[in-house]
Amino acid sequence: MTYPFKKIEAKWQKKWERDGIFHAREPRGQGAKGLKGGEKFYGLIEFPYPSGEGLHVGHPRSYTAIDIVTRKKRMEGKNVLYPIGWDAFGLPTENFAIKHKVKPAVATKKNVANFTRQLKSLGFGFDWSREIDTTDPAYYKWTQWMFLKFFNSYYDEATKRARPLSELKIPPKFRLQGPKAIAAYLDEKRMAYKASATINWCPSCKIGLANEEAQGGVCERCGGKVEKREKAQWMIRITAYADRLIEDLKTVDYLDRIRTQQINWIGKSEGASVDFSFVIQNHTFSSLRSQYTKRRGNLVRQDCHVVATPRNDEKDSEGVITVFTTRPDTLFGATYLVLSPEYPLLDRWLQDGVIKNARNVQEYCEGARKKSDIERQENKEKTGVVLDGISAVNPATGENIPVWIADYVLSGYGTGAIMAVPAHDERDFEFAKKHGLPIAQVVSSVIPAQAGIQNKKEIVCFTEEGTATNSSFLNGLPTNEAKEKMIAWLEKGKKGKRTVNFKLRDWVFSRQRYWGEPIPIIFCDECGPVAVAEKSLPVKLPDVRRYEPTDTGESPLAKISTWVKVKCPTCHRQAKRETDTMPNWAGSSWYFLRYCDPHNRKEFASAKSLKYWMPVDLYNGGMEHTTLHLLYSRFWYKFLWDLGLIPEECGSEPYARRHSNALILGEGGVKMSKSKGNVVNPDDVVAVYGADVFRLFEMFIGPFDADAPWDTRGIEGVKRFLEKVWRLYSDVQHPTFNVGCWTSDIEALLHRTIKKVGDDIESLNFNTAISAMMILANAMSDVGAGSSRPDSVSRPNRVNASVGEGGRTPPLHGRETFLKLLAPFAPHIAEELWQKLGHKTSIHVAEWPSYDETKLVADTFELVVQVNGKVRDRMTVPSDISEKDATAAALESPKIKAALEGKEPKKIIYVKGRLVSIAI
RNA sequence: GCCGCGGUGGCGGAAUUGGUAGACGCACGGGACUCAAAAUCCCGCGAUCGAAAGGUCAUGAGAGUUCGAUUCUCUCCCGCGGCACCA
């Protein structure tokens with residue numbers, strides 16, 4: 001018998017929508033029918049990008065999960081907000097529009113309609129009255145408004161908060177220099193600023209990509225190779241928040257691996273910057289080499305005499321090369337420096353002709369510049385070239401050391417220069433071996449007296465195969481202490497200072513594309529970049545004939561001269577609009593705020609609604625967003641919060657709890673993709689099995705945070721489960737609905753299932769929750785069936801067919817309770833059966849069942865008896881058996897007696913409710 | 001290379017966090033019902049020895065702690081994901 005899901009599902013979806021049972025109540029909470037406390041619960045899923053391909057079976061995994069959680073919260077009396085919207089700006093739609101010759105706005109509308117139909121067919125309890133769309137001018141007006149906040153703010157290092165630019169004190173020297181100098185000073189400080197940046201350039205998309213978007217050296221969108229290119233870009237100063245983005249992770253409940261990923265992405269490293277004085281002199285690299293002799297094919301110093309007094313004040317000193325190192329304690333082993341090919345001083349040296357092998361150096365730099373960052377990083381060969389004519393002085397040993405350039409040193413991180421310690425760094429070691437550079441292991445060091453550390457023996461210099469271990473370098477001190485001593489010494493002698501570096505870079509915020517929010521800036525020859533007046537927002541996207549970016553890489557908007565030409569808001573002279581647009585991460589960085597108050601025309605959201613709804617109680621999405629989107633939106637939120645645009649009491653983090661789900665793979669465990677032809681369309685599944693089966697299967701398929709392969713046969717299992725439930729409830733005469741037929745065993749099972757399902761929903765273990773419901777359903781259908789299912793209730797006893805003791809029959813309505821447990825998972829069938837039982841209101845606003853602690857335990861349990869750790873007997877005993885009785889019973893068992901072989905037990909261990917373990 | 005996660009039947013996966021390994025489901029085998037099929041119901045289903053009772057071996061490999069280890073510790077192997085000449 002197949003239950004008529006087609007009829008049922010459409011019917012209830014319509015009814016729920018008409019009754020608005022999934023609408024979140026306004027903050028006041030008055031008149032909220034059926035609400036117990038009015039306590040809120042904000043469940044959030046990553047709003048989808050409405051692509052032309054429609055919904056993928058991966059989408060509903062997240063949506064169903066949070067749907068289940070929010071439905072339970074609603075039944076518990078919470079005022080639930082579970083909103084939905086569209087993250088619709090961006091390249092896929094633009095590329096689709098170009099290909100199919102439709103306007104992006106039209107394509108988006110169509111895609112949204114399709115997604116809406118699909119999502120509604122799955123019966124999610126979204127509050128559709130709060131639907132938002134990032135491409136709606138009423139929405140992106142506020143995205144632009146926020147951009148202007150970035151533009152008009154600076155980061156106040158003293159208070160560690162962003163503040164309005166109007167509060168920035170301008171140093172007198174700039175004021176004296178006049179308005180231009182003041183403007184320049186302000187531009188330096190802005191949170192959104194324009195800078196010429198080495199960007200990742202995708203030649204096929206004709207678009208600049210953030211580093212984060214160009215992972216693997218290929219364009220995230222088109223898969224093409226990424227090149228390097230200089231371009232003036234809008235940047236947002238996310239780096240100002242690096243520390244707080246790490247620190248505040250302590251205040252939120254994120255999965256450990258998400259937290260770790262965030263921290264690693266930001267990449268804080270503490271160390272020191274060290275100044276190496278460099279010397280322009282006649283000795284060449286070969287003359288430096290002559291200090292060393294060859295041993296075992298490596299160049300080593302044989303007699304290592306340490307000079308305690310650094311020589312950077314000597315007369316041949318020409319200047320300073322600053323390096324950053326996380327291991328200042330290895331400074332004694334620094335035997336050469338390596339500069340990036342972009343190192344600023346290089347050009348000057350080449351011009352001055354002080355480099356003797358200038359031609360080699362120039363060639364090398366040109367080669368390196370042609371390569372993209374990615375290619376340079378992929379290059380496993382440690383290429384490099386020496387700067388003949390330049391040498392540097394190791395400030396700790398006073399030695400002259402050679403200076404090299406190599407493209408494995410990146411200009412964008414640290415100072416663009418490193419000190420190489422080949423004995424203690426594997427990359428440096430490889431490089432040194434390849435180029436015949438000296439390797440000095442720091443075993444114990446002579447520390448300059450100023451460091452306040454007693455002198456020990458000289459550095460022992462030698463080299464063996466491989467690098468040295470990370471032992472301590474300074475007089476046997478632990479690494480951290482050694483680092484501290486070294487930093488203290490460096491700072492005292494003004495040779496360097498404590499420095500913190502981050503991997504995180506500022507956010508490249510411009511795109512030279514059409515389908516994004518226009519950046520609301522006007523360029524005036526007189527006034528420079530000027531913000532569009534707030535009252536003129538939104539700056540709407542104009543209609544364009546062609547969406548292809550221009551060959552020059554400018555946005556298609558640049559071609560619309562009527563749109564580009566505007567009056568300067570400040571001086572009213574002729575000026576030009578910014579034609580770049582924002583990345584599609586802009587709109588998704590704050591959408592969860594808009595959900596709180598989506599129809600507000602005066603503010604992006606009222607303080608009152610934000611105070612009520614924020615922070616998000618549970619946010620779930622894909623693993624692929626655990627670095628980028630999560631980081632950007634946390635940053636964006638903190639910025640608004642700093643400015644007081646989000647009430648203080650909301651807290652400094654937008655998401656109280658973040659969870660990420662894994663992928664649904666194709667059959668056989670490979671990733672679903674169009675090219676492999678193994679993509680499963682939810683529509684097809686719903687047509688054959690219905691939404692409830694689909695939802696249940698997506699949750700039963702495996703642990704929520706583990707990849708799971710789609711399995712068309714596996715889906716039959718959950719289908720059978722629902723059909724069994726349907727059959728059971730169709731038979732009102734079934735003994736399970738006769739209170740007298742319930743034993744205390746099945747009653748205990750009912751209570752255990754209530755607990756299990758509730759707990760599992762909270763911890764997002766949906767697969768085991770469903771398994772528990774299956775067990776209960778099996779037991780219920782077995783009631784009165786005589787013999788069946790020995791294992792379904794409590795091991796080892798089957799549901800005892802005998803009637804429970806008089807008066808102890810369940811006061812709880814098992815049939816109602818089961819449906820309530822099922823309701824969040826399979827809402828349609830649960831509602832249908834609920835109403836068949838005679839209920840007039842929806843099961844989804846019925847009260848979530850509670851369990852009785854005292855009934856969680858069955859009357860008896862199976863006592864396991866082990867001898868030397870091996871199970872030798874099992875016996876059914878009363879639940880409240882005493883240790884003494886249990887042990888006695890165990891020792892009396894013939895099987896145990898046999899296993900003991902007449903020996904005396906050395907030790908008897910009793911685990912309450914479980915086992916007796918006898919050691920002989 | 002670094003970081004993170006994982007490795008349990010033919011398959012997806014359970015295991016109360018140190019206490020009966022394999023719940024639940026799929027697949028498979030046998031049976032009942034049926035003229036037959038489907039559906040449903042019942043029984044079986046890690047390997048191995050055994051007619052059976054029962055025994056032995058089993059959670060990637062190897063050691064260790066323990067009365068007892070899938071769970072804790074160490075070493076190693078393999079897979080997946082993320083990041084990367086980040087100094």
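The chains referred to below are lettered A, B, ... by the order of the sequence lines, with proteins before strands, and numbering in each begins at 1. Here the structure is a predicted model, which is why all the values come from computation and not from measurement.
- Between the OH atom of A:Tyr3 and the P atom of B:A39 there is a distance of 17 Å, rounded to whole Å.
- Separating the P atom of B:C24 from that of B:G46 is a span of 13 Å, rounded to the nearest Å.
- B:A84 and B:G22 have their P atoms separated by 45 Å, with the value rounded to a whole Å.
- Closest approach to the A:Asn264 side chain among B:C67, B:C3, B:A27 is made by B:C3 (side chain taken as heavy atoms from C-beta onward).
- Nucleotide B:C35 forms no Watson-Crick or G-U wobble pair with any nucleotide shown, as no partner meets the under 3.5 Å limit on both distances.
- With respect to the salt-bridge test (charged N to carboxylate O, under 4.0 angstrom), the residues A:Glu46 and A:Arg658 qualify.
- Distance from the side chain of A:Thr325 is smallest to B:A87 among B:A87, B:G54, B:C24.
- Taking every side-chain heavy atom of A:Arg257 into account, B:G4 is the closest of B:G54, B:G4, B:C67.
- Taking atom P in both B:C57 and B:G18, the straight-line distance is 25 Å, to the nearest Å.
- Within the nucleic acid shown, A:Asp705 has no heavy atom closer than 4.0 Å to any nucleic acid atom.
- Of the residues near RNA chain B, A:Gly869 and A:Gly702, the one whose nearest nucleotide (by heavy atom distance) lies more toward the 5' end is A:Gly702.
- Closest to the A:Thr260 side chain, of the nucleotides B:A23, B:G54, B:G4, is B:G4.
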- [ ] Take A:Thr239 and A:Asp506 through the test side-chain hydrogen bond (donor to acceptor under 3.5 Å, both in side chains) and record every step on the way to the result.
- [x] CA-CA 6 Å; A:Thr239 50; A:Asp506 276 341; 2.6 Å; yes

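- Of the candidate nucleotides B:C3, B:G19, B:A14, B:A14 has the atom nearest to the side chain of A:Pro703.
- Side-chain N/O atoms of A:Arg872 and base N/O atoms of B:U20 include no donor-acceptor pair closer than 3.5 Å.
- Using a 4.0 Å heavy-atom criterion, one finds that A:Lys906 contacts no nucleic acid atom at all.
- Here A:Arg713 does not pair with A:Glu716 in a salt bridge; the nearest charged N to carboxylate O distance is not below 4.0 Å.
- Relative ring orientation between A:Trp710 and A:Phe694 is described as tilted, the plane-to-plane angle lying within the 30° to 60° band.
- The separation of B:A23 from B:C78, taken at their P atoms, amounts to 32 Å, rounded to a whole angstrom.
- Within 4.0 Å (heavy atoms only), A:Asp707 reaches sugar-phosphate atoms of the nucleic acid but no base atom.
- Evaluation of atom-type donor-acceptor distances gives no pair under 3.5 Å for the side chain of A:Gln866 against the base of B:U20.
- Between the CG atom of A:Asn868 and the C1' atom of B:U66 there is a distance of 12 Å, given to the nearest Å.
- Distance check on atom C1': B:A14 versus B:G81 gives 24 Å, rounded to whole Å.
- Using a 4.0 Å heavy-atom distance criterion, A:Phe700 is classed as a base contact.
- Regarding A:Lys870, its NZ atom lies at a distance of 12 Å from the C1' atom of B:G68, rounded to whole Å.
- Partner assigned to B:A53 is none, using Watson-Crick or G-U wobble distances below 3.5 angstrom.
- Rounded to an integer number of Å, the gap from CG of A:Leu915 to P of B:G19 is 9 Å.
- Glycosidic conformation, B:G9: syn, with the torsion inside 90° of 0.
- We find that NZ of A:Lys724 is positioned 10 Å from P of B:C26, with the value rounded to whole Å.
- Here B:A84 sits opposite no nucleotide as a Watson-Crick or G-U wobble pair (both hydrogen-bonding atom distances under 3.5 Å).
- Atom CZ in A:Arg874 sits roughly 11 Å away from atom P in B:G54 (whole-Å rounding).
- With A:Asn661 as the partner, the side chain to side chain donor-acceptor pair (under 3.5 Å) test is satisfied by one option alone out of A:Asp707, A:Asn620, A:Asp705, A:Thr64: A:Asn620.
- Under the 3.5 Å distance criterion, the side-chain polar atoms of A:Arg259 are matched with a main-chain donor or acceptor of A:Leu249.
- In the model, A:Tyr3 has no side-chain atom that pairs as donor or acceptor with a side-chain atom of A:Ser730 under 3.5 Å.
- Annotation: B:G44 and B:C26 have their P atoms spaced 16 Å apart (nearest Å).
- Using a 4.0 Å heavy-atom distance criterion, A:Ser917 is classed as a base contact.
- Note: A:His435 and A:Tyr336 fail the aromatic proximity criterion, with ring centroids not under 6.0 Å apart.
- Contact annotation: A:Asn767 does not reach the phosphate of B:G12 (side-chain N/O to OP1 or OP2, under 4.0 Å).
- Here, B:G10 and B:C45 have their C1' atoms 11 Å apart, quoted to the whole Å.
- Both A:Val864 and A:Ile715 lie close to RNA chain B; mapped to their nearest nucleotides by heavy-atom distance, the more 5′-ward contact belongs to A:Val864.
- Between the CG atom of A:Leu696 and the P atom of B:G13 there is a distance of 17 Å, rounded to whole Å.
- Look at B:U48: its glycosidic torsion is beyond 90° from 0, and that puts it in the anti range.
- On the C1' atoms, B:G30 is 26 Å away from B:G13, given to the nearest whole Å.
- Note on A:Arg914: a base of the nucleic acid sits closer than 4.0 angstrom, heavy atoms only.
- Nearest to the side-chain atoms of A:Asp782 among the listed nucleotides B:C42, B:A87, B:A14 stands B:C42.
- In this entry B:C5 has B:G79 as its Watson-Crick or G-U wobble partner, both defining distances falling under 3.5 Å.
- A:Lys724 and A:Asn778 are linked by a side-chain donor-acceptor pair at a separation below 3.5 angstrom, with hydrogens and angles left out of the test.
- Across all strands shown, the partner of B:G10 is B:C26, judged by Watson-Crick or G-U wobble contacts whose two distances both fall under 3.5 Å.
- Between A:Arg720 and B:A27 there is a side-chain polar atom (N or O) within less than 4.0 angstrom of OP1 or OP2.
- In this structure, the CD atom of A:Glu723 is 10 Å from the P atom of B:C41, given to the nearest Å.
- At B:U16, none of the side-chain N or O atoms of A:Lys755 fall inside 4.0 Å of OP1 or OP2 (strictly under the cut-off).
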